[in-house]
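Remarks on the structure that follows.
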Amino acid sequence: MNSLDSQKTGRKSPKRADDPNAQIATKLRAFYHSVQDETLPQRFLDLLEKLDAVENSVQRAE
């Protein structure tokens, strides 16, 4: 399957285990999932709430 075929079908061609790009992609995917599973610190959630409150008050003033 060439790259044109994979674009049409939406399937990716199989990657070899020794392919450096495949290894990087696998490690990046694992890192992304580990970060995605982390909980947000409470101070960050508080900051988001404050930003929402300011944004809402500005929208009401307009």
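By convention here, the first residue in the shown sequence is residue 1.
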* Step by step, work out the side-chain contact (heavy atoms from CB on, under 4.5 Å) result for V35 and F31. => CA-CA 6 Å; V35 170; F31 178 70; 3.7 Å; yes
Taking only distance into account, with no hydrogens and no angle test, what donor-acceptor pairs under 3.5 Å do side-chain atoms of residues 48-55 form with protein atoms, sequence neighbours excluded?
none

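Pairs passing the side chain to side chain donor-acceptor pair (under 3.5 Å) check and including a residue from residues 33-45, sequence neighbours excluded, read H33-Q36, Q42-D46.
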